[in-house]
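Keep in mind that what you see is a predicted model, and the values were worked out from it rather than measured. Lettering of chains follows the sequences in order, A, B, ..., and the numbering in each one begins at 1.
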Number of protein chains: 2
Amino acid sequence: MPISEEIRRLLRYRICLEKFKRFGWETTFSYTIGKESGVSSEQIRKDFSQFKIEGHKKGGYNINEILAKINQIFRKDITNYFVIMGMGNIGEALINYPGFEKHNIKIAGAFDIDPVKIKKKYRVPIYHMDMLPEIVKKYKVKIAVIAVPAIAAQEVCYYLIDCGIVGIMNFSPIILKTPDSVNVYNIELIPVLEGLIYHSNN
Amino acid sequence: MPISEEIRRLLRYRICLEKFKRFGWETTFSYTIGKESGVSSEQIRKDFSQFKIEGHKKGGYNINEILAKINQIFRKDITNYFVIMGMGNIGEALINYPGFEKHNIKIAGAFDIDPVKIKKKYRVPIYHMDMLPEIVKKYKVKIAVIAVPAIAAQEVCYYLIDCGIVGIMNFSPIILKTPDSVNVYNIELIPVLEGLIYHSNN
DNA sequence: TAGATTGTTAATCGATTAACAATC
DNA sequence: TAGATTGTTAATCGATTAACAATC
(Lines give C-alpha, C1' and ligand atoms only; values in the text may rest on other atoms or scores of the structure.)
Protein backbone atom coordinates (compact mmCIF):
# COMPACT_ATOMS: atom_id res chain seq x y z
CA MET A 1 0.00 0.00 0.00
CA PRO A 2 2.14 2.89 -1.20
CA ILE A 3 1.31 6.56 -0.71
CA SER A 4 -0.96 7.44 -3.62
CA GLU A 5 0.11 9.93 -6.22
CA GLU A 6 -3.13 11.79 -5.60
CA ILE A 7 -2.17 12.45 -1.99
CA ARG A 8 1.28 13.61 -2.98
CA ARG A 9 -0.17 15.94 -5.58
CA LEU A 10 -2.48 17.51 -2.99
CA LEU A 11 0.57 18.38 -0.92
CA ARG A 12 2.26 19.80 -4.01
CA TYR A 13 -0.73 22.05 -4.55
CA ARG A 14 -0.44 23.21 -0.96
CA ILE A 15 3.11 24.43 -1.59
CA CYS A 16 1.89 26.46 -4.58
CA LEU A 17 -1.15 27.83 -2.79
CA GLU A 18 0.91 29.01 0.14
CA LYS A 19 3.18 30.80 -2.28
CA PHE A 20 0.17 32.47 -3.95
CA LYS A 21 -1.08 33.50 -0.53
CA ARG A 22 2.24 35.22 0.16
CA PHE A 23 1.69 37.10 -3.11
CA GLY A 24 -1.51 38.42 -1.54
CA TRP A 25 -3.80 36.50 -3.89
CA GLU A 26 -7.20 35.34 -2.69
CA THR A 27 -8.31 33.22 -5.61
CA THR A 28 -6.61 31.24 -8.33
CA PHE A 29 -7.41 28.99 -11.30
CA SER A 30 -6.61 25.37 -12.02
CA TYR A 31 -4.46 26.52 -14.90
CA THR A 32 -2.40 28.79 -12.63
CA ILE A 33 -1.80 26.05 -10.05
CA GLY A 34 -0.91 23.79 -12.94
CA LYS A 35 1.76 26.10 -14.27
CA GLU A 36 3.30 26.46 -10.82
CA SER A 37 3.12 22.79 -9.80
CA GLY A 38 3.83 21.14 -13.12
CA VAL A 39 0.54 19.23 -12.99
CA SER A 40 -2.05 19.54 -15.77
CA SER A 41 -5.09 21.69 -15.00
CA GLU A 42 -7.45 18.79 -15.84
CA GLN A 43 -5.67 16.62 -13.30
CA ILE A 44 -5.97 19.33 -10.67
CA ARG A 45 -9.70 19.79 -11.25
CA LYS A 46 -10.16 16.05 -11.09
CA ASP A 47 -8.21 15.78 -7.84
CA PHE A 48 -10.18 18.66 -6.35
CA SER A 49 -13.44 17.09 -7.43
CA GLN A 50 -12.40 13.80 -5.81
CA PHE A 51 -11.77 15.53 -2.50
CA LYS A 52 -14.87 17.70 -2.74
CA ILE A 53 -12.94 20.91 -3.19
CA GLU A 54 -15.30 23.16 -5.11
CA GLY A 55 -14.50 26.11 -7.32
CA HIS A 56 -16.62 28.75 -8.99
CA LYS A 57 -17.18 28.63 -12.70
CA LYS A 58 -15.27 31.52 -14.17
CA GLY A 59 -14.29 32.67 -10.65
CA GLY A 60 -11.77 29.92 -9.95
CA TYR A 61 -10.91 28.61 -6.50
CA ASN A 62 -10.64 30.40 -3.18
CA ILE A 63 -7.12 29.78 -1.92
CA ASN A 64 -7.99 29.74 1.77
CA GLU A 65 -10.84 27.33 1.11
CA ILE A 66 -8.59 24.84 -0.64
CA LEU A 67 -5.94 25.12 2.05
CA ALA A 68 -8.56 24.63 4.77
CA LYS A 69 -9.87 21.56 2.97
CA ILE A 70 -6.37 20.12 2.52
CA ASN A 71 -5.62 20.71 6.18
CA GLN A 72 -8.86 18.96 7.03
CA ILE A 73 -8.03 15.99 4.79
CA PHE A 74 -4.67 15.65 6.53
CA ARG A 75 -6.14 16.30 9.99
CA LYS A 76 -3.82 19.16 10.72
CA ASP A 77 -6.01 20.12 13.68
CA ILE A 78 -4.32 17.50 15.84
CA THR A 79 -0.62 17.06 16.52
CA ASN A 80 0.77 13.90 14.97
CA TYR A 81 3.75 12.27 16.62
CA PHE A 82 6.40 10.04 15.13
CA VAL A 83 9.49 8.32 16.45
CA ILE A 84 13.00 8.02 15.04
CA MET A 85 14.86 4.74 15.34
CA GLY A 86 18.62 5.18 15.26
CA MET A 87 20.67 8.26 16.11
CA GLY A 88 23.28 8.06 13.39
CA ASN A 89 23.86 10.82 10.85
CA ILE A 90 20.37 10.70 9.45
CA GLY A 91 18.59 10.44 12.79
CA GLU A 92 20.53 13.45 14.03
CA ALA A 93 19.77 15.45 10.87
CA LEU A 94 16.05 14.75 11.27
CA ILE A 95 16.06 15.85 14.90
CA ASN A 96 17.46 19.19 13.86
CA TYR A 97 15.26 19.48 10.79
CA PRO A 98 13.08 22.56 11.06
CA GLY A 99 9.63 22.49 9.54
CA PHE A 100 7.98 19.51 11.18
CA GLU A 101 6.30 21.70 13.77
CA LYS A 102 4.98 24.10 11.19
CA HIS A 103 2.93 21.16 9.92
CA ASN A 104 1.85 20.07 13.38
CA ILE A 105 4.10 17.00 13.27
CA LYS A 106 6.28 16.31 16.30
CA ILE A 107 9.00 13.85 17.21
CA ALA A 108 7.82 11.93 20.28
CA GLY A 109 11.33 10.66 20.82
CA ALA A 110 14.38 9.14 19.19
CA PHE A 111 15.73 5.72 20.05
CA ASP A 112 19.13 4.08 20.03
CA ILE A 113 20.96 1.33 21.89
CA ASP A 114 24.23 3.21 22.34
CA PRO A 115 24.41 4.65 25.90
CA VAL A 116 26.71 7.45 24.70
CA LYS A 117 24.08 8.72 22.29
CA ILE A 118 21.29 8.30 24.81
CA LYS A 119 23.13 10.50 27.28
CA LYS A 120 23.82 13.30 24.80
CA LYS A 121 21.52 16.31 24.89
CA TYR A 122 19.42 17.06 21.85
CA ARG A 123 16.29 19.07 21.10
CA VAL A 124 14.32 15.85 21.50
CA PRO A 125 14.59 13.18 24.21
CA ILE A 126 16.71 10.16 23.26
CA TYR A 127 15.68 6.86 24.80
CA HIS A 128 16.93 3.32 24.85
CA MET A 129 14.93 1.19 22.42
CA ASP A 130 13.38 -0.65 25.37
CA MET A 131 11.37 2.50 26.09
CA LEU A 132 9.60 2.39 22.72
CA PRO A 133 6.31 0.74 23.84
CA GLU A 134 5.89 3.30 26.59
CA ILE A 135 6.42 6.32 24.34
CA VAL A 136 4.26 4.87 21.56
CA LYS A 137 1.44 4.44 24.04
CA LYS A 138 1.87 7.86 25.63
CA TYR A 139 1.81 9.79 22.35
CA LYS A 140 -0.37 7.38 20.34
CA VAL A 141 2.45 7.07 17.80
CA LYS A 142 1.58 5.38 14.50
CA ILE A 143 4.55 6.46 12.36
CA ALA A 144 8.26 5.70 12.64
CA VAL A 145 11.46 6.52 10.79
CA ILE A 146 14.02 3.74 10.46
CA ALA A 147 17.53 5.23 10.41
CA VAL A 148 19.50 2.35 11.92
CA PRO A 149 22.30 0.46 10.12
CA ALA A 150 21.11 -1.96 7.43
CA ILE A 151 22.02 -5.00 9.50
CA ALA A 152 19.58 -4.00 12.28
CA ALA A 153 16.78 -2.59 10.13
CA GLN A 154 14.59 -5.67 9.72
CA GLU A 155 14.70 -6.48 13.42
CA VAL A 156 13.81 -2.90 14.35
CA CYS A 157 11.01 -3.04 11.78
CA TYR A 158 9.45 -6.13 13.38
CA TYR A 159 9.76 -4.47 16.78
CA LEU A 160 7.99 -1.34 15.51
CA ILE A 161 5.13 -3.39 14.09
CA ASP A 162 4.82 -5.28 17.38
CA CYS A 163 4.52 -1.92 19.11
CA GLY A 164 1.64 -0.89 16.85
CA ILE A 165 3.40 1.24 14.22
CA VAL A 166 1.53 1.21 10.89
CA GLY A 167 3.58 3.63 8.78
CA ILE A 168 7.34 3.53 8.24
CA MET A 169 9.71 5.91 6.47
CA ASN A 170 12.75 3.71 5.78
CA PHE A 171 16.21 5.16 5.19
CA SER A 172 18.04 1.84 5.39
CA PRO A 173 19.12 0.31 2.08
CA ILE A 174 17.22 -2.94 2.51
CA ILE A 175 13.81 -4.20 1.44
CA LEU A 176 11.77 -4.54 4.61
CA LYS A 177 9.44 -7.46 5.09
CA THR A 178 6.15 -6.20 6.46
CA PRO A 179 2.51 -7.28 6.53
CA ASP A 180 0.24 -5.67 3.94
CA SER A 181 -1.39 -3.57 6.62
CA VAL A 182 1.82 -1.63 7.20
CA ASN A 183 2.72 1.23 4.89
CA VAL A 184 6.42 1.53 4.05
CA TYR A 185 7.99 4.39 2.18
CA ASN A 186 11.61 3.87 1.22
CA ILE A 187 13.94 6.85 0.98
CA GLU A 188 16.34 5.31 -1.52
CA LEU A 189 19.34 7.62 -1.48
CA ILE A 190 21.69 5.39 -3.46
CA PRO A 191 19.09 4.18 -6.01
CA VAL A 192 17.98 7.77 -6.63
CA LEU A 193 21.55 8.88 -7.25
CA GLU A 194 22.19 5.87 -9.48
CA GLY A 195 18.97 6.55 -11.34
CA LEU A 196 19.98 10.16 -11.91
CA ILE A 197 23.42 9.05 -13.07
CA TYR A 198 21.79 6.51 -15.38
CA HIS A 199 19.59 9.16 -16.97
CA SER A 200 22.50 11.59 -17.27
CA ASN A 201 24.32 8.96 -19.35
CA ASN A 202 21.35 7.98 -21.52
CA MET B 1 11.51 13.08 -16.89
CA PRO B 2 11.30 11.16 -13.62
CA ILE B 3 13.38 8.11 -12.76
CA SER B 4 11.49 5.17 -14.27
CA GLU B 5 10.01 2.48 -12.07
CA GLU B 6 11.84 -0.05 -14.19
CA ILE B 7 15.21 1.41 -13.22
CA ARG B 8 14.27 1.45 -9.56
CA ARG B 9 13.14 -2.15 -9.72
CA LEU B 10 16.48 -3.20 -11.22
CA LEU B 11 18.20 -1.71 -8.19
CA ARG B 12 15.78 -3.52 -5.91
CA TYR B 13 16.69 -6.78 -7.57
CA ARG B 14 20.33 -6.01 -6.96
CA ILE B 15 19.71 -5.80 -3.21
CA CYS B 16 18.07 -9.23 -3.28
CA LEU B 17 20.72 -10.79 -5.49
CA GLU B 18 23.53 -9.56 -3.27
CA LYS B 19 21.74 -11.14 -0.33
CA PHE B 20 21.40 -14.43 -2.21
CA LYS B 21 25.09 -14.28 -3.03
CA ARG B 22 25.91 -13.96 0.65
CA PHE B 23 23.84 -17.12 1.15
CA GLY B 24 26.29 -18.81 -1.20
CA TRP B 25 23.75 -19.27 -4.02
CA GLU B 26 24.90 -19.22 -7.62
CA THR B 27 21.57 -19.27 -9.42
CA THR B 28 18.04 -18.20 -8.62
CA PHE B 29 14.57 -18.05 -10.19
CA SER B 30 12.30 -15.17 -11.04
CA TYR B 31 9.85 -16.46 -8.45
CA THR B 32 12.51 -16.41 -5.72
CA ILE B 33 13.59 -12.85 -6.51
CA GLY B 34 9.93 -11.96 -6.57
CA LYS B 35 9.26 -13.27 -3.10
CA GLU B 36 12.27 -11.40 -1.74
CA SER B 37 11.69 -8.12 -3.55
CA GLY B 38 7.90 -7.95 -3.47
CA VAL B 39 7.73 -7.74 -7.28
CA SER B 40 5.81 -10.29 -9.35
CA SER B 41 7.86 -12.93 -11.15
CA GLU B 42 6.27 -11.96 -14.48
CA GLN B 43 7.38 -8.37 -13.97
CA ILE B 44 10.90 -9.49 -13.19
CA ARG B 45 11.15 -11.66 -16.29
CA LYS B 46 9.83 -8.80 -18.36
CA ASP B 47 12.32 -6.33 -16.88
CA PHE B 48 15.17 -8.78 -17.45
CA SER B 49 14.06 -9.36 -21.01
CA GLN B 50 13.98 -5.61 -21.61
CA PHE B 51 17.56 -5.24 -20.44
CA LYS B 52 18.72 -8.38 -22.27
CA ILE B 53 19.36 -10.33 -19.08
CA GLU B 54 18.95 -13.94 -20.11
CA GLY B 55 18.09 -16.95 -18.00
CA HIS B 56 18.00 -20.65 -18.66
CA LYS B 57 14.73 -22.42 -19.04
CA LYS B 58 14.30 -24.58 -15.97
CA GLY B 59 17.78 -23.54 -14.76
CA GLY B 60 16.86 -20.01 -13.74
CA TYR B 61 19.27 -17.07 -13.72
CA ASN B 62 22.94 -16.93 -12.85
CA ILE B 63 23.25 -14.40 -10.02
CA ASN B 64 26.68 -13.10 -10.99
CA GLU B 65 25.55 -12.68 -14.58
CA ILE B 66 22.58 -10.53 -13.57
CA LEU B 67 24.70 -8.47 -11.19
CA ALA B 68 27.32 -7.94 -13.89
CA LYS B 69 24.64 -6.84 -16.32
CA ILE B 70 23.08 -4.45 -13.79
CA ASN B 71 26.52 -2.99 -13.04
CA GLN B 72 27.06 -2.56 -16.76
CA ILE B 73 23.69 -0.83 -17.21
CA PHE B 74 24.57 1.59 -14.43
CA ARG B 75 28.17 2.00 -15.61
CA LYS B 76 29.66 0.98 -12.30
CA ASP B 77 33.06 0.62 -13.97
CA ILE B 78 33.65 4.35 -13.71
CA THR B 79 33.47 6.54 -10.60
CA ASN B 80 30.56 8.96 -10.69
CA TYR B 81 30.88 12.19 -8.79
CA PHE B 82 28.20 14.41 -7.34
CA VAL B 83 28.18 17.66 -5.36
CA ILE B 84 26.24 18.71 -2.30
CA MET B 85 24.85 22.22 -2.09
CA GLY B 86 24.37 23.39 1.49
CA MET B 87 26.08 22.15 4.65
CA GLY B 88 23.15 22.19 7.03
CA ASN B 89 21.91 19.12 8.88
CA ILE B 90 21.16 17.15 5.75
CA GLY B 91 24.33 18.10 3.89
CA GLU B 92 26.37 17.04 6.90
CA ALA B 93 24.51 13.75 7.23
CA LEU B 94 25.15 12.94 3.58
CA ILE B 95 28.85 13.66 3.90
CA ASN B 96 29.09 11.13 6.68
CA TYR B 97 26.80 8.63 4.97
CA PRO B 98 28.67 5.39 4.36
CA GLY B 99 27.83 3.35 1.30
CA PHE B 100 28.33 5.79 -1.56
CA GLU B 101 31.83 4.50 -2.22
CA LYS B 102 30.73 0.89 -2.24
CA HIS B 103 28.67 1.84 -5.31
CA ASN B 104 31.50 3.77 -6.91
CA ILE B 105 29.79 7.10 -6.26
CA LYS B 106 31.88 9.88 -4.72
CA ILE B 107 31.23 13.36 -3.41
CA ALA B 108 33.38 15.76 -5.44
CA GLY B 109 32.77 18.47 -2.87
CA ALA B 110 30.20 20.21 -0.73
CA PHE B 111 29.35 23.89 -1.06
CA ASP B 112 28.11 26.58 1.27
CA ILE B 113 28.35 30.34 1.63
CA ASP B 114 29.03 30.38 5.38
CA PRO B 115 32.80 30.88 6.00
CA VAL B 116 32.52 29.06 9.35
CA LYS B 117 31.29 25.89 7.64
CA ILE B 118 33.82 26.19 4.84
CA LYS B 119 36.66 26.28 7.36
CA LYS B 120 35.48 23.23 9.33
CA LYS B 121 37.19 19.93 8.55
CA TYR B 122 35.07 17.12 7.15
CA ARG B 123 35.71 13.88 5.26
CA VAL B 124 35.07 15.84 2.07
CA PRO B 125 36.35 19.28 1.02
CA ILE B 126 33.93 22.15 1.63
CA TYR B 127 34.09 25.03 -0.81
CA HIS B 128 32.48 28.40 -1.26
CA MET B 129 29.76 28.22 -3.88
CA ASP B 130 31.90 30.33 -6.20
CA MET B 131 34.14 27.30 -6.64
CA LEU B 132 31.35 25.18 -8.13
CA PRO B 133 32.22 25.61 -11.85
CA GLU B 134 35.81 24.62 -11.23
CA ILE B 135 34.95 21.44 -9.33
CA VAL B 136 32.21 20.48 -11.80
CA LYS B 137 34.70 20.75 -14.62
CA LYS B 138 37.48 18.91 -12.80
CA TYR B 139 35.33 15.89 -11.86
CA LYS B 140 32.88 16.02 -14.78
CA VAL B 141 30.01 16.33 -12.30
CA LYS B 142 26.50 15.86 -13.66
CA ILE B 143 24.54 15.30 -10.44
CA ALA B 144 23.88 17.56 -7.45
CA VAL B 145 22.05 17.40 -4.14
CA ILE B 146 20.21 20.52 -3.05
CA ALA B 147 20.22 20.78 0.73
CA VAL B 148 20.06 24.54 1.18
CA PRO B 149 17.22 26.41 2.93
CA ALA B 150 14.00 26.66 0.92
CA ILE B 151 14.48 30.37 0.31
CA ALA B 152 17.75 29.78 -1.56
CA ALA B 153 16.86 26.56 -3.36
CA GLN B 154 15.59 27.96 -6.66
CA GLU B 155 18.55 30.26 -7.09
CA VAL B 156 20.99 27.44 -6.35
CA CYS B 157 19.08 25.28 -8.80
CA TYR B 158 19.50 27.80 -11.64
CA TYR B 159 23.18 28.10 -10.76
CA LEU B 160 23.61 24.32 -10.94
CA ILE B 161 21.95 24.16 -14.33
CA ASP B 162 24.19 26.97 -15.58
CA CYS B 163 27.17 24.92 -14.45
CA GLY B 164 26.03 21.93 -16.47
CA ILE B 165 24.26 19.81 -13.84
CA VAL B 166 21.57 17.59 -15.40
CA GLY B 167 20.33 15.58 -12.41
CA ILE B 168 19.20 16.97 -9.05
CA MET B 169 18.21 15.28 -5.81
CA ASN B 170 16.23 17.97 -4.02
CA PHE B 171 15.72 17.98 -0.25
CA SER B 172 14.24 21.47 -0.08
CA PRO B 173 10.46 21.68 0.35
CA ILE B 174 9.81 23.67 -2.81
CA ILE B 175 8.88 22.81 -6.37
CA LEU B 176 11.91 23.62 -8.48
CA LYS B 177 11.50 25.21 -11.87
CA THR B 178 13.79 23.45 -14.34
CA PRO B 179 13.98 22.85 -18.08
CA ASP B 180 12.69 19.47 -19.28
CA SER B 181 16.21 18.31 -19.95
CA VAL B 182 17.02 18.35 -16.23
CA ASN B 183 15.96 15.42 -14.07
CA VAL B 184 14.76 16.34 -10.57
CA TYR B 185 14.01 13.87 -7.84
CA ASN B 186 12.37 15.37 -4.77
CA ILE B 187 13.00 13.84 -1.36
CA GLU B 188 9.75 14.95 0.22
CA LEU B 189 10.25 14.38 3.92
CA ILE B 190 7.18 16.25 5.13
CA PRO B 191 4.81 15.01 2.39
CA VAL B 192 5.91 11.43 3.00
CA LEU B 193 5.25 11.74 6.72
CA GLU B 194 1.90 13.41 6.05
CA GLY B 195 1.03 10.72 3.54
CA LEU B 196 1.85 8.01 6.07
CA ILE B 197 -0.20 9.81 8.71
CA TYR B 198 -3.08 10.14 6.25
CA HIS B 199 -3.04 6.43 5.50
CA SER B 200 -2.79 5.57 9.20
CA ASN B 201 -6.01 7.50 9.77
CA ASN B 202 -7.88 6.07 6.77
C1' DT C 1 -24.03 38.46 -24.37
C1' DA C 2 -19.51 36.30 -25.25
C1' DG C 3 -15.76 34.38 -23.25
C1' DA C 4 -13.64 31.92 -19.60
C1' DT C 5 -13.55 28.40 -16.38
C1' DT C 6 -15.30 24.48 -13.84
C1' DG C 7 -16.49 19.68 -13.47
C1' DT C 8 -17.67 15.40 -15.50
C1' DT C 9 -17.75 11.91 -18.97
C1' DA C 10 -15.38 9.46 -22.68
C1' DA C 11 -10.98 8.19 -24.97
C1' DT C 12 -6.31 7.15 -24.69
C1' DC C 13 -2.27 5.52 -22.98
C1' DG C 14 1.05 2.92 -20.52
C1' DA C 15 2.09 -0.18 -17.18
C1' DT C 16 0.95 -4.39 -14.93
C1' DT C 17 -0.97 -8.97 -14.99
C1' DA C 18 -2.46 -13.18 -17.09
C1' DA C 19 -1.84 -16.76 -20.28
C1' DC C 20 0.74 -19.91 -22.56
C1' DA C 21 4.03 -21.66 -26.03
C1' DA C 22 8.81 -22.95 -26.03
C1' DT C 23 12.15 -25.82 -24.05
C1' DC C 24 15.46 -27.53 -20.82
C1' DT D 1 9.51 -38.26 -20.33
C1' DA D 2 7.10 -35.05 -17.17
C1' DG D 3 7.46 -31.06 -14.73
C1' DA D 4 9.36 -26.61 -14.10
C1' DT D 5 10.74 -22.34 -15.68
C1' DT D 6 11.66 -18.82 -19.12
C1' DG D 7 10.18 -15.34 -22.30
C1' DT D 8 6.75 -13.34 -25.15
C1' DT D 9 2.21 -12.15 -26.59
C1' DA D 10 -2.50 -10.84 -25.35
C1' DA D 11 -5.76 -9.00 -21.86
C1' DT D 12 -6.68 -6.12 -18.16
C1' DC D 13 -6.47 -2.37 -15.35
C1' DG D 14 -5.89 2.16 -13.65
C1' DA D 15 -4.35 6.55 -14.26
C1' DT D 16 -3.89 10.41 -17.26
C1' DT D 17 -5.54 13.23 -21.00
C1' DA D 18 -8.94 15.01 -24.09
C1' DA D 19 -13.38 16.70 -24.96
C1' DC D 20 -17.13 19.26 -23.92
C1' DA D 21 -21.49 20.52 -21.56
C1' DA D 22 -22.77 23.55 -17.88
C1' DT D 23 -22.69 28.08 -16.22
C1' DC D 24 -21.02 32.28 -14.19
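As rounded to whole Å, 18 Å separates atom C1' of dT5(D) from atom NZ of Lys46(B). One interatomic measurement links the two molecules: CD of Glu5(A) to P of dG14(C), which rounds to 17 Å at whole-angstrom precision. The nearest whole Å value for the distance from the CD atom in Gln43(B) to the C1' atom in dT12(D) is 14 Å. Ile44(A) has its CD1 atom 13 Å from the C1' atom of dT5(C), to the nearest Å. The distance from atom CD1 of Ile66(A) to atom C1' of dT5(C) is 14 Å, rounded to the nearest whole Å. One interatomic measurement links the two molecules: CD of Glu42(A) to C1' of dT9(C), which rounds to 13 Å at whole-angstrom precision. Taking atom CG on Asp47(A) and atom P on dT6(C), their separation rounds to 14 Å, with Å as the unit. The interatomic distance linking Ile33(B) (CD1) with dG7(D) (P) rounds to 11 Å, in whole Å.
Side-chain proximity of Ser49(A) to the nucleotides dG7(C), dT8(C), dT17(D) is greatest for dT8(C).
At a threshold of 4.0 angstrom between heavy atoms, the contacts of Tyr31(A) with the nucleic acid are absent. As judged by a 4.0 angstrom heavy-atom cut-off over every strand, Gly59(B) is placed among residues making no nucleic acid contact. No engagement by Phe48(B) is indicated, since no non-hydrogen atom pair under 4.0 Å with the nucleic acid exists. Glu54(A) comes within 4.0 angstrom of the backbone, heavy atoms only, and of no base. Using a 4.0 Å heavy-atom criterion, one finds that Ser30(A) contacts the sugar-phosphate atoms exclusively.
The aromatic rings of Tyr61(B) and Phe48(B) lie perpendicular to each other, with more than 60° between the two planes, well past the 30° mark. Note: Phe51(A) and Tyr198(B) have perpendicular aromatic rings, judged against thresholds of 30 and 60 degrees for the angle between ring planes.
A donor-acceptor contact under 3.5 Å is not formed by the side chain of Lys58(A) with the base of dT6(C).
Residue Arg45(A) has no polar side-chain atom (N or O) positioned under 4.0 Å from OP1 or OP2 of dA22(D).
Between Ile174(B) atom CD1 and Arg12(A) atom CZ the span is 10.5 Å, to the nearest 0.5 Å.
Where Arg9(B) and Phe29(A) meet DNA chain C, the nucleotide closest to each residue was compared, and Phe29(A) sits on the side nearer the 5' end. If you find the closest nucleotide of DNA chain D to Ser40(A) and to Lys57(A), the one lying nearer the 5' end belongs to Ser40(A).
Using a 4.0 Å cut-off between charged side-chain N and carboxylate O, Glu194(A) and Lys76(B) make a salt bridge.
The partner of dC20(C), taking Watson-Crick or G-U wobble pairs whose two distances both stay under 3.5 Å, is dG7(D). When both pairing distances are held under 3.5 Å, dA15(D) makes a Watson-Crick or G-U pair with dT12(C).
Listed for the Asn186(A) side chain is no donor-acceptor partner under 3.5 Å among the backbone atoms of Glu188(A).
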